[in-house]
Asks: 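Structure incoming, see below.
One-based numbering along the sequence shown.
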Amino acid sequence: MTPQGVAILGSTGSIGTTALRVLDRHRDRFAVRALTAHANAALLHRQVEAWTPTFVALVEGDGEAPAAWLRGAGALVEAATRPDVAVVLNAIVGAAGLDATLAALGAGKRVALANKESLVVGGALVAAAARRGGGAVVPVDSEHSAILQCLSGRDASEVRKLVITTSGGPFREWPAERVRAATVQDALNHPTWSMGRKITVDSATLANKALEVIEAHFLFGLGYDQIEVVVHPQSIIHSMVEFRDGSVLAQLGVPSMELPILYALSHPERIADAGIPVFDAVSAGRLTFEAVRHEAFPCLGLGIAAGKAGGAAPAVFNGANEQAVALFLEGRVTFGAIAEAVEDALARLAGLSGGDLPSLWHADAQARRTVREKFA
Ligand code: NAD
Ligand code: MG
């Protein structure tokens, strides 16, 4: 079997580097053809030496880059549409990943999608691009991988609801007042997952869970009233599906992104992998569940409401959240200000249309500007 060509967009990030570790065990099945990074030239250099891809891009950054490396955001689309690439792993963070997702699907590629923001900002356009170009989206997000595995080809009409689990983040048990005053260091201290900074903050506000509810809506074609969120602090059950006969299937495993990454590459096939952490039920111990404390984590409800509102609201939610999280990480606003900024942007920009790509980018830019001006 000739190996399938893989492009990794965001190869220097948390998902990107984990994916290369997975791919290293499957060099017979997959060949890395394209690597892109945002600004980490030194790590990209080492990856290029190890993988000898045919295409390399460094989107920004002034590290000394070889002349053969492409520059600029257009390089992401180029990487995503190369003829020697069959699978595009989109591991970019933020709305910056959307154009590459659309281009890859339009070119008929399989998109192993970690970049959930693609679906949140442009869910309907992503689905249309896949239909038009013959590409397919396979989720990397562990919850959506779990749901895909539980569904195993069953029709959405047989599903009563999806139950998406969340660890609850580092502030699961904190009083709401204390959550609002949390520091950057507190927020980056996730109990069960090691991830990039933006998604780690999103996991502390639960904005990440809102993004995942919208992601699930578009991936699986279910209404928002059929998607439930439950707190499960151990992160062993990655999500569940309740079918119309009342049967509930769950997917379990040690919290590690290696399995969902591998499954996104191999779906619907399962391939043997000796490197993936082994699950032992006895050492996993007790599995517990709690309701979400919405009063302490308003971003979850705000995001779900934006999903229900539709149009450009999910793009506004995402853009405002990205901007507010960036300001929080720069130490310029409090943790509690993230939810306030998102709520404010959604109220001010309610009713913006989101029918095409230009209007979604307009909504994204307006949302970011609204948040910057609020704290200027
Ligand atoms: P990260 O910050 O560790 O890595 C992000 C990568 O994207 C980097 O390689 C960076 O070079 C690149 N990048 C950032 N901004 C860019 C831009 N403007 N243009 C081009 N490239 C850019 O983030 P991560 O934790 O790996 O997360 C990546 C995506 O995967 C996010 O959408 C996140 O929500 C999703 N995800 C991550 C995890 C996880 O365990 N880390 C789990 C589920 C989903
Ligand atoms: Mg997830």
Asks: His45: which residues meet the ring pair (Phe, Tyr, Trp, His ring centres under 6.0 Å) condition with it, sequence neighbours left out?
Replies: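 Partners of His45 by the ring pair (Phe, Tyr, Trp, His ring centres under 6.0 Å) criterion, ordered by chain and then number, come out as Trp69.
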Asks: Between Leu9 and Asn115, is there a side-chain heavy-atom distance shorter than 4.5 Å?
Replies: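 A side-chain contact under 4.5 Å is absent here.
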Asks: When rounded to the nearest 0.5 angstrom, what is the spacing between CD1 in Ile199 and NE2 in His190?
Replies: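 Taking CD1 in Ile199 and NE2 in His190, the distance rounds to 8.5 Å.
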Asks: Can we say Arg29 and Glu269 salt-bridge, meaning some charged N sits less than 4.0 Å from an Asp/Glu carboxylate O?
Replies: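 Yes, Arg29 and Glu269 are salt-bridged.
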Asks: Transitively linked via ILVMFWY side-chain contacts under 4.5 Å: Leu125 with Val77?
Replies: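 No, Leu125 and Val77 fall in different hydrophobic clusters.
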Asks: Side chains of Leu259 and Ser145, heavy atoms from C-beta outward: is any pair under 4.5 Å?
Replies: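 No, their side chains stay 4.5 Å or more apart.
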Asks: How about Leu162 and Glu228: do any of their side-chain heavy atoms sit closer than 4.5 Å?
Replies: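 With C-beta onward as the side chain, the pair stays apart.
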Asks: Less than 4.5 Å apart, side chain to side chain, heavy atoms only: is that true for Thr36 and Ile8?
Replies: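 No, too far: nothing below the 4.5 Å cut-off.
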Asks: If two hydrophobic side chains count as joined below 4.5 Å and joins carry through other members, does Val22 share a cluster with Leu113?
Replies: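 No; tracing contacts between hydrophobic side chains, which count when under 4.5 Å, never links both residues.
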Asks: Thr205: what forms a side-chain hydrogen bond (donor to acceptor under 3.5 Å, both in side chains) with it, not counting sequence neighbours?
Replies: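 Expected list: none.
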Asks: Any link between Leu44 and Val32 through a network of hydrophobic side chains (Ile, Leu, Val, Met, Phe, Trp, Tyr) touching at under 4.5 Å?
Replies: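 In one cluster: yes.
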Asks: Answer yes or no: is there a side-chain heavy-atom contact under 4.5 Å between Val292 and Val230?
Replies: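 SC-SC contact between Val292 and Val230 ruled out.
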Asks: May I ask you to test the Ile227-Lys161 pair for a side-chain heavy-atom distance under 4.5 Å?
Replies: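 The answer is no; the side chains never approach within 4.5 Å.
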Asks: Which residues pass the side-chain hydrogen bond (donor to acceptor under 3.5 Å, both in side chains) test with Gln185, sequence neighbours left out?
Replies: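 None.
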Asks: How close do Asp99 and Leu357 get, heavy atom to heavy atom, and via which atoms?
Replies: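 Looking at all heavy atoms of both residues, the shortest contact is OD1-CD2, 3.9 Å.
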Asks: Checking side-chain polar atoms at under 3.5 Å, does Gln226 have a donor or acceptor matched by the opposite partner on Arg160?
Replies: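 The answer is no; no qualifying pair exists.
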Asks: Below 3.5 Å, can you tabulate the donor-acceptor pairs from side chains in residues 244-257 to any protein atom, sequence neighbours excluded?
Replies:
| residue | atom | partner | partner atom | Å |
| --- | --- | --- | --- | --- |
| Asp245 | OD1 | Ser247 | N | 3.0 |
| Ser256 | OG | Glu258 | N | 3.1 |

Asks: Arg110: which residues meet the salt bridge (charged side-chain N to carboxylate O under 4.0 Å, His left out) condition with it, sequence neighbours left out?
Replies: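 Scan of Arg110 (salt bridge (charged side-chain N to carboxylate O under 4.0 Å, His left out), adjacent residues dropped) gives none.
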Asks: Among the clusters formed by ILVMFWY side chains lying less than 4.5 Å apart, do Val137 and Val6 turn up in the same one?
Replies: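 Result: no, two separate clusters.
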Asks: Under a 3.5 Å cutoff, is there a donor and acceptor pairing between the side chains of Thr12 and Gln47?
Replies: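 The answer is no; no qualifying pair exists.
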Asks: Within a reach of under 6.0 Å around CZ of Arg25, are more than 12 heavy atoms found that belong to other residues, nucleotides or ligands?
Replies: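 Yes - once you tally the heavy atoms of other residues, nucleotides and ligands closer than 6.0 Å, there are more than 12.
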Asks: Take Ile147 and Ile164, measure what side-chain contact (heavy atoms from CB on, under 4.5 Å) needs, and give me the verdict at the end.
Replies: CA-CA 8 Å; Ile147 291 165; Ile164 298 182; 4.1 Å; yes
Asks: Say you draw a straight line from OG1 of Thr183 to CG of Asp186; how long is it, rounded to the nearest 0.5 Å?
Replies: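 So the OG1 of Thr183 and the CG of Asp186 are separated by 3.0 Å.
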Asks: For Ser235, which of Thr192, Thr165, Thr166 qualifies under side-chain contact (heavy atoms from CB on, under 4.5 Å)?
Replies: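 Of Thr192, Thr165, Thr166, side-chain contact (heavy atoms from CB on, under 4.5 Å) with Ser235 is met by Thr192 alone.
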Asks: Look at Lys198 together with Glu117 and state whether they make a salt bridge at an N to O cut-off of under 4.0 Å.
Replies: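 Yes.
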Asks: Quick check: closest heavy atoms across Pro170 and Ser203, and the distance to 0.1 Å?
Replies: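 Scanning both residues, the minimum pair turns out to be CD-O, 4.5 Å.
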Asks: Any idea which heavy atoms bring Leu360 and Gly122 closest together, and the distance?
Replies: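 Distance-wise, the nearest heavy atoms are CD1-CA, 4.0 Å.
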Asks: If you measure from CD on Glu322 to CG on Leu211, what distance do you get to the nearest 0.5 Å?
Replies: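 Output value for this atom pair is 8.5 Å.
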Asks: Is any side-chain N of the basic residue among Arg172 and Glu290 closer than 4.0 Å to the acidic one's carboxylate O?
Replies: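 Glu290 and Arg172: salt-bridged.
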Asks: Would the distance check show the side chain of Asn40 and the main-chain N or O of Leu43 forming a donor-acceptor pair, the cut-off being under 3.5 Å?
Replies: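 Looks like yes, one N/O pair under 3.5 Å.
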Asks: Report the C-alpha distance between Glu242 and Val159 in whole Å, list the side-chain angles of each, state the deciding distance to 0.1 Å, and finish with yes or no for side-chain contact (heavy atoms from CB on, under 4.5 Å).
Replies: CA-CA 6 Å; Glu242 182 184 314; Val159 175; over 6 Å; no
Asks: Between Asp155 and Ser157, is there a donor-acceptor pair closer than 3.5 Å when you use the side chain of the first and the backbone of the second?
Replies: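 Yes, the answer is positive, given that a donor and an acceptor are paired below the 3.5 Å cut-off.
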Asks: So, taking the atom named CG in Leu206 and the one named NZ in Lys209, what distance separates them when rounded to the nearest 0.5 Å?
Replies: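 With rounding to 0.5 Å, CG (Leu206) is 8.0 Å from NZ (Lys209).
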Asks: Would you say that more than 12 heavy atoms from the other residues, nucleotides or ligands in this model lie under 6.0 Å from the CZ of Arg154, or not?
Replies: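 No, because the 6.0 Å sphere around CZ of Arg154 holds 12 heavy atoms or fewer from other groups.
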Asks: Looking only at non-hydrogen atoms, find the nearest pair between Cys150 and Val241 and report the distance.
Replies: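 Reported closest heavy-atom pair: CB-CG2, 3.6 Å.
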Asks: Would you list the pairs meeting ring pair (Phe, Tyr, Trp, His ring centres under 6.0 Å) in which at least one residue belongs to residues 137-183, sequence neighbours left out?
Replies: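 Pairs touching residues 137-183 that pass the test: Phe171-Trp174, Phe171-Phe335.
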Asks: Going by the ring pair (Phe, Tyr, Trp, His ring centres under 6.0 Å) test, which pairs reach into residues 278-297, not counting sequence neighbours?
Replies: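 Pairs touching residues 278-297 that pass the test: His232-Phe289.
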Asks: Is it the case that the side chains of Asn318 and Asp364 hold a donor-acceptor pair, with the cut-off being a distance below 3.5 Å and no angle test?
Replies: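 Checked: Asp364/Asn318 side chains show no N/O donor-acceptor pair below 3.5 Å.
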Asks: Does any part of the side chain of Ser11, heavy atoms only, come nearer than 4.5 Å to the side chain of Thr17, both counted from C-beta?
Replies: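 A side-chain contact under 4.5 Å is absent here.
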Asks: Taking the side chain as every heavy atom from C-beta outward, state whether Ile15 and Ile261 have any atom pair closer than 4.5 Å.
Replies: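 They are in side-chain contact.
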Asks: For the residue pair Ser239 and Ala146, what are the closest heavy atoms and their distance?
Replies: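 So the two residues come closest at N-CB, 3.8 Å.
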Asks: Will you find, in the side chains of Arg270 and Gln149, an N or O donor that is under 3.5 Å from an N or O acceptor?
Replies: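 Result is yes, a qualifying pair exists.
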Asks: Output all residues satisfying side-chain hydrogen bond (donor to acceptor under 3.5 Å, both in side chains) with Glu330, sequence neighbours left out; order by chain, then residue number.
Replies: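 Only Arg332 meet the side-chain hydrogen bond (donor to acceptor under 3.5 Å, both in side chains) criterion with Glu330.
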Asks: Show every ring pair (Phe, Tyr, Trp, His ring centres under 6.0 Å) that has at least one partner inside residues 203-227, sequence neighbours left out.
Replies: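 Passing the test, one end in residues 203-227: His217-Tyr224.
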Asks: Quick one: CD on Glu212 to CG on Leu119, what's the gap to the nearest 0.5 Å?
Replies: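 Here the rounded value is 11.5 Å.
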Asks: Sequence neighbours left out, what passes ring pair (Phe, Tyr, Trp, His ring centres under 6.0 Å) with Trp51? Give chain and number order.
Replies: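 None.
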Asks: How close do Ala112 and Ala264 get, counting heavy atoms only, and between which atoms?
Replies: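 Looking at all heavy atoms of both residues, the closest pair is CB-CB, 3.8 Å.
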Asks: Calculate, to the nearest 0.5 Å, the distance between atoms CZ and CD1 belonging to Arg21 and Ile276 respectively.
Replies: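 With rounding to 0.5 Å, CZ (Arg21) is 10.5 Å from CD1 (Ile276).
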Asks: Flag yes if Val231 and Ile236 sit in one hydrophobic cluster, no otherwise; membership is Ile, Leu, Val, Met, Phe, Trp, Tyr, and two members link when side-chain heavy atoms are under 4.5 Å apart.
Replies: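 As far as the 4.5 Å side-chain criterion goes, Ile236 and Val231 are not connected within one cluster.
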Asks: Using atom types as modelled, flag every donor-acceptor pair under 3.5 Å from a side chain in residues 83-97 to any protein atom, sequence neighbours excluded.
Replies:
| residue | atom | partner | partner atom | Å |
| --- | --- | --- | --- | --- |
| Asp84 | OD1 | Arg82 | NE | 3.2 |
| Asp84 | OD2 | Thr54 | OG1 | 2.8 |
| Asn90 | OD1 | Ile92 | N | 3.2 |
| Asn90 | ND2 | Gly97 | O | 3.1 |
| Asn90 | ND2 | Thr101 | OG1 | 2.8 |

Asks: Step by step, would you call Leu70 with Phe55 a side-chain contact (heavy atoms from CB on, under 4.5 Å)?
Replies: CA-CA 8 Å; Leu70 270 79; Phe55 180 96; 4.1 Å; yes
Asks: Output all residues satisfying side-chain hydrogen bond (donor to acceptor under 3.5 Å, both in side chains) with Lys374, sequence neighbours left out; order by chain, then residue number.
Replies: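 Per chain and number, Lys374 pairs via side-chain hydrogen bond (donor to acceptor under 3.5 Å, both in side chains) with no residue.
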